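Both ligands and their constituent atoms are indexed starting at 1 by order of listing. Because the structure is predicted, anything quoted here is derived from the model rather than measured.
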Amino acid sequence: MTHLTCGPELGVCYYPEQWPEEKWAEDAARMVALGLTWVRIAEFAWAKIEPKPGQFDWAWLDRAVETLGSAGLKVILCTPTAAPPKWLVDLFPEILPVAEDGTVRKFGARRHYCFSSLRYREEAARITGEVARRYGKHPHVRAWQTDNEYGDHDTIHSYSHSAEAAFRLWLESRYGTIEALNAAWGTSFWSMTYQGFDQIELPNNLVEEPSPTHRVDFMRFSSDQVKSFNKAQVEIIRALSPGRPVTHNYMNQNTDFDHYAVGEDLDAASWDVYPLGGLVHGRLSDADKARYLRVGDPDQTSFNHDLYRAVGRGRLWVMEQQPGPVNWAANNPAPADGMVRLWTWLAYAHGCELMSYFRWRQAPFAQEQFHAALLHPDSTADQAYHEVAQVVTETSALPAIGPRAKTRVALLLDYSSRWATVTLPQGQNYRAHHIALDWYSAVRRLGVDLDVIGQHSDLAGYDLILAPDLVIVDPTFIERLQAVGTKVLFGPRSGSKTEAMQTPANLAPGELARFLDMKVTRVESLPDYHAESVQMGNLTLTARRWRETIETREQVLATFIGDYRNGTPALIGNNSARYLATLPEPEALRAIMTDTLNWAGVPHMPDLGDLRLTRRNGLTFAFNYGVATAEVPAPATAIFHIGTRLLEPAGVAVWSE
Ligand code: GAL
């Protein structure tokens with residue numbers, strides 16, 4: 001699918017096992033009539049496929065695949081490992097995950113397995129092999145999804161005996177000797193010294209917090225467990241189903257495992273887009289949440305598209321797209337009419353190849369009864385159905401374009417660094433994923449496109465790299481950054497911990513002192529009710545939550561003003577790097593980003609407010625998240641393919657220049 005396209009290929013999530021068989025053919029025909037070409041099935045179907053140990057009932061799934069495929073749909077088949085059946089749990093209770101408080105998480109919902117259970121790994125490989133053998137070469141099966149949403153319901157970290165045993169082995173291979181572990185974990189503190197790897201326990205249910213190195217190592221270990229669990233499935237599928245791409249459906253805002261590492265073993269990355277739940281649980285103030293109640297955070301969805309485009313090494317799919325109100329967030333408002341269409345074009349603008357809506361028909365039973373779909377439970381069309389039809393019509397109005405090209409600005413997201421700040425937040429309101437999104441948003445409001453990258457990514461070709469929370473720096477990243485010479489803006493806490501979660505010998509920013517002659521001599525975390533003032537040229541800016549005291553011989557670009565350490569540096573820099581010592585409020589951050597883009601020679605626009613622009617290969621897409629009609633900043637010569645210069649709320653316009 002790397003050919004030219006005029007829009008995303010469209011699909012839907014379908015659960016034949018939840019509907020009477022008489023409905024399947026009619027459903028399939030309606031999907032095709034709507035313009036859908038893909039259907040994802042069977043991620044929770046293990047109990048139907050194998051109702052008793054070793055007894056398989058393939059007949060229904062054979063007929064479902066045949067019915068959907070012969071109607072003209074390409075099937076994405078899933079491995080059913082996110083929901084092991086009751087008999088399996090009863091046979092092998094040790095496969096269940098253990099919560100942080102030590103209680104066993106029981107059967108009765110889903111994701112009730114521990115990644116470290118060797119028994120579960122065997123069972124997962126067995127059922128993957130069975131499904132892949134039966135359907136691997138089936139002409140209607142055209143792609144695969146492994147499992148479902150690793151990390152959903154807080155399931156990456158399990159505190160089971162299996163996890164403990166596997167963690168000990170992992171530590172032994174990481175450190176070699178117990179002395180090396182004792183040194184890295186700083187166990188001379190509080191008499192924590194270990195004599196052997198077999199003494200080590202998991203970092204839960206302690207009287208006080210564990211050594212941060214202990215905890216970060218447990219997070220690294222848990223992430224590696226996800227990678228190897230996923231990889232085992234991918235290898236089985238590749239062997240039995242050649243030529244079909246394999247993906248996994250990631251989530252918004254779950255950084256409990258390293259998405260890039262899991263992505264290395266996949267052909268494409270997909271993710272599940274639920275912008276309104278994302279808003280409710282997201283970074284914005286209550287006033288902004290109220291403003292964006294039915295449209296979502298204007299930047300959170302794009303951020304994830306850009307992240308997963310990197311995770312998929314250019315290949316981005318949406319496996320589940322919110323179609324209406326959902327059931328699982330703290331509150332579940334409806335999207336404004338038009339938003340399903342907007343989210344579809346947004347995904348495409350950010351490089352998405354395939355957009356699949358969740359789900360075909362709303363379920364009248366079980367946990368997600370309140371979750372909307374393309375159809376109501378009585379099979380009449382809901383709002384999203386009409387919006388999908390509109391997208392299909394609009395697709396024919398667009399010129400064909402290729403995969404999204406690299407941008408000039410990249411934002412760095414590093415998982416080890418995330419785990420470092422989760423482990424040692426230092427302030428309860430320091431949230432790295434909010435900070436990264438604030439930085440991203442500030443630049444997006446200036447009309448600039450971004451890539452999200454990891455430390456491993458190819459750095460060539462960027463004019464500017466933004467590193468909002470790069471706490472742990474990989475030595476090869478430093479070398480590659482020096483080699484390409486890209487300008488970079490580092491945020492507070494950058495380089496502040498070594499790989500072993502210790503303070504660098506030369507103080508923060510540790511190895512980044514190669515770019516900047518500076519050191520951080522004090523950090524403060526600050527309560528939300530306190531504001532710091534920062535003077536940058538003739539602008540007085542507001543910052544909150546975090547402040548560092550810096551000693552530097554670099555140029556001071558902005559200073560803290562006020563009664564505490566008046567005049568100390570807030571933003572410093574030289575020709576190749578800058579360092580920001582605080583967390584500016586959105587408007588202040590926009591001013592700093594404007595200055596940073598100018599420094600890097602990246603063209604930008606004045607603040608777009610509630611409009612967002614995304615460019616993809618000669619096309620500009622505009623999205624209106626506001627409540628008023630807005631005029632898009634298209635040149636006089638623009639040729640509009642979708643929409644017009646005046647963009648209504650929740651509207652989309654697309655033009656070429
Ligand atoms: C996703 C999940 C789906 C469904 C959906 C509801 O997290 O993958 O199975 O539960 O949420 O929004």
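Set against the non-hydrogen atoms of Phe44, the atoms of ligand 1 under 4.0 Å away are 9 (O). Numbered from 1 in the order shown, with element, the atoms of ligand 1 that lie under 4.0 Å from a heavy atom of Asp272 read 8 (O). Set against the non-hydrogen atoms of Asp152, the atoms of ligand 1 under 4.0 Å away are 7 (O).
Among protein heavy atoms, atom 5 (C) of ligand 1 sits closest to Tyr274 OH, 3.3 Å. Closest to atom 9 (O) of ligand 1 among all protein heavy atoms lies Arg110 NH1, 2.8 Å. The nearest protein atom to atom 2 (C) of ligand 1, hydrogens excluded, is given as Glu320 OE1, 3.3 Å; this is a heavy-atom distance. Annotation: atom 6 (C) of ligand 1 to nearest protein heavy atom, His371 NE2, 3.1 Å.
Proximity of Val89 to Ile95: side-chain heavy atoms (C-beta onward) are separated by under 4.5 Å at one or more points. Considering only heavy atoms from C-beta on, Trp60 comes within 4.5 Å of Ile49 through its side chain.
In this structure, Arg612 forms no cation-pi arrangement with Phe623, as its terminal cationic atom is not both closer than 6.0 Å to the ring centre and no more than 45° off the ring axis. For Arg359 and Tyr14, the positive end is not near the middle of the six-membered ring at less than 6.0 Å and at most 45° from its axis.
Aromatic pair Phe115/Tyr120: centroids not less than 6.0 angstrom apart. Between His371 and Trp328, the ring center distance fails the sub-6.0 Å criterion. Checked against the 6.0 Å centroid criterion, the rings of Tyr260 and Tyr415 qualify as a close aromatic pair.
The residue from Glu43, Arg359, Glu149 that puts a heavy atom closest to atom 7 (O) of ligand 1 is Glu149.
The shortest N or O to N or O distance between Asn327 and ligand 1 is not below 3.5 Å.
Counting heavy atoms closer than 4.0 Å to ligand 1, residue His153 contributes nothing at all. Counting heavy atoms under 4.0 Å from ligand 1, residue Glu368 touches it through the side chain alone.
Between the side chain of Glu9 and the main chain of Trp38, no donor-acceptor pair closer than 3.5 Å is present.
Met251 does not count as a contact of ligand 1, since none of its heavy atoms falls under 4.0 Å from the ligand.
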